[in-house]
Amino acid sequence: MIDLRSDTVTKPTEEMRMAAYKAEVGDDVYGEDPSVNELEATAAEILGKEEALFVTSGTQGNQIAVLTHCRPGNEIILESESHIFYYESGAVSALAGVQTRTLPGNRGAMSAEDVLHSIRPEDQHYPETGLICIENTHNRAGGAVIPLENMKQIYEIAKSHHVPVHTDGARLFNAAEGSGLPITHFTQYTDTVQICLSKGLGAPAGSILAGNSETISAARKWRKRLGGGLRQAGIIAAPGLVALTRMRNRLAEDHIHAKQLAEGIREMKGLRVVNEIDTNIVVVDVSETSLTPAEFVDKLKTEGVLAVGFGRNAVRFTTHYDVASNDIERALRKIQAAVK
Ligand SMILES: Cc1ncc(COP(=O)(O)O)c(CN[C@H](C(=O)O)[C@H](C)O)c1O
């Protein structure tokens with residue numbers, strides 16, 4: 001079975017498993033787990049932020065950011081198919097008690113103009129704008145890289161209106177690789193950033209939320225309130241450190257594989273690649289097969305390829321560490337067989 005459902009399916013490498021086995025541990029609620037402390041310090045350094053917090057998932061990192069920046073009754077501005085809006089089970093309302101102001105994106109990027117005109121002026125009828133969220137790369141835009149200039153413009157507008165910015169950077173390392181820019185060029189234009197260790201970087205679990213010391217200290221308290229204060233968490237932080245320090249440079253391979261997959265699918269009658277391939281995601285319109293995305297996903301499975309439905313007419317294929325070069329050729333043959 002070639003699993004192209006998501007880069008969340010990556011299994012830990014031998015090196016990560018050994019790191020977990022050998023991890024030095026302590027009680028992280030007391031700040032005494034050396035592996036967690038090393039991971040957080042290393043992540044803060046790499047992301048160009050004062051401090052970083054190890055969290056259990058990208059969703060937890062995003063939700064802690066919303067809880068830390070906002071208060072109940074605030075409005076948050078975010079893109080209409082962003083993960084925080086689309087895939088986090090309404091947590092921003094359920095947990096933080098905020099309302100969403102979604103804006104259309106162009107390949108996932110909100111226009112700075114739209115953001116400017118969506119920030120609420122002071123008025124007793126209006127909620128305060130508590131946060132602006134950017135997603136880079138943008139999952140439902142097909143792993144699109146949000147241009148640096150766009151982030152810069154939004155950040156400058158946010159700062160001039162004293163509104164914080166959070167970046168859902170679940171795949172920000174893919175954005176850095178896809179744009180050829182150091183990750184700190186992107187993180188300079190956001191107050192907090194969440195990055196996933198468990199996706200393209202291949203860790204078994206975990207994410208990082210990074211920002212200035214005051215914000216991360218408040219975020220740490222929110223993590224505790226959510227039951228995320230962990231004990232000997234070095235067992236999962238140590239493999240996370242391996243992922244963060246050893247797996248960034250191989251993301252280019254996933255991007256090459258995604259491009260190869262897209263090129264092969266473009267040759268197939270009945271399928272249409274709908275996104276420009278910036279990183280590791282290929283979105284394919286299957287409407288000409290007269291199958292629904294769910295039916296096509298089932299057909300693919302019988303041929304030995306796993307993918308996910310992705311909206312009304314499309315399926316998504318995501319390349320990752322556990323998909324090797326020869327898997328792409330094999331997957332293309334199986335996808336071709338599913339189309340027949
Ligand atoms: C941009 C972005 N931000 C946050 C998350 C949440 O990360 P986790 O909570 O799964 O660790 C995801 C996961 N994305 C998953 C996937 O793509 O298969 C599913 C859709 O939740 C994401 O794509």
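Just so you know, ligand 1 is whichever comes first in the structure, and atom 1 is the first atom listed for that ligand.
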Do we see a donor-acceptor contact under 3.5 Å between the side chains of N280 and H257?
-> no

Taking atom 10 (O) of ligand 1 as the reference point, the nearest protein heavy atom with its distance | K199 NZ, 3.8 Å

Protein contact of atom 11 (O) of ligand 1 - nearest heavy atom, named by residue and atom, plus distance = G58 N, 2.9 Å

Strictly by modelled atom types, are Y155 and D191 linked by a side-chain donor-acceptor pair under 3.5 Å?
-> yes

Tell me: protein heavy atom nearest atom 6 (C) of ligand 1, and distance?
-> H83 CE1, 3.3 Å

Taking distance alone, with no angle check, do N139 and ligand 1 share an N/O pair under 3.5 Å?
-> yes

Option among T187, D168, I134 that satisfies the side-chain contact (heavy atoms from CB on, under 4.5 Å) test with V193 | T187

Should R316 be listed as contacting ligand 1, given a heavy-atom distance under 4.0 Å as the test?
-> yes

Do we see a donor-acceptor contact under 3.5 Å between the side chains of E177 and H255?
-> no

Would you call R71 and E128 a salt bridge, using N to O less than 4.0 angstrom?
-> yes

Identify, for atom 9 (O) of ligand 1, the protein heavy atom at the shortest distance, and state residue, atom and that distance.
-> T59 OG1, 2.7 Å

Could you list which atoms of ligand 1 come closer than 4.0 Å to a heavy atom of N62?
-> 4 (C)

Establish whether Y87 and V92 are linked, either directly or via other cluster members, by ILVMFWY side-chain heavy-atom contacts under 4.5 Å.
-> no

Trace of the side chain to side chain contact (heavy atoms under 4.5 Å, CB included) decision for T318 with R5 = CA-CA 6 Å; T318 308; R5 287 174 296 176; over 6 Å; no

Nearest non-hydrogen protein atom, atom 3 (N) of ligand 1 | D168 OD2, 2.7 Å

Ligand 1 versus S57, non-hydrogen atoms closer than 4.0 Å: side chain, backbone, both, neither?
-> both

Output yes when the distance from some N or O of ligand 1 to some N or O of S207 is under 3.5 Å, and no in every other case.
-> no

Cut-off 3.5 Å, side chains only: do S82 and E135 have a donor facing an acceptor?
-> no

Evaluating non-hydrogen atoms only, which member of T56, I84, T8 is closest to atom 15 (C) of ligand 1?
-> T8

Any ion pair linking K152 and E156 (charged N to carboxylate O, less than 4.0 Å)?
-> yes

Hey, does R171 sit under 4.0 Å from ligand 1 if you only count heavy atoms?
-> yes

Going by distance only, is there an N or O of S6 that falls short of 3.5 Å from an N or O of ligand 1?
-> yes

Ignoring hydrogens and angles, state whether a donor on the side chain of H161 or T129 is under 3.5 Å from an acceptor on the partner side chain.
-> no

Hey, does T318 sit under 4.0 Å from ligand 1 if you only count heavy atoms?
-> no

Select one of side chain, backbone, both or neither to describe which atoms of E135 lie under 4.0 Å from any atom of ligand 1, heavy atoms only.
-> side chain

Short version for V308: what comes under 4.0 Å of ligand 1, heavy atoms counted, is neither

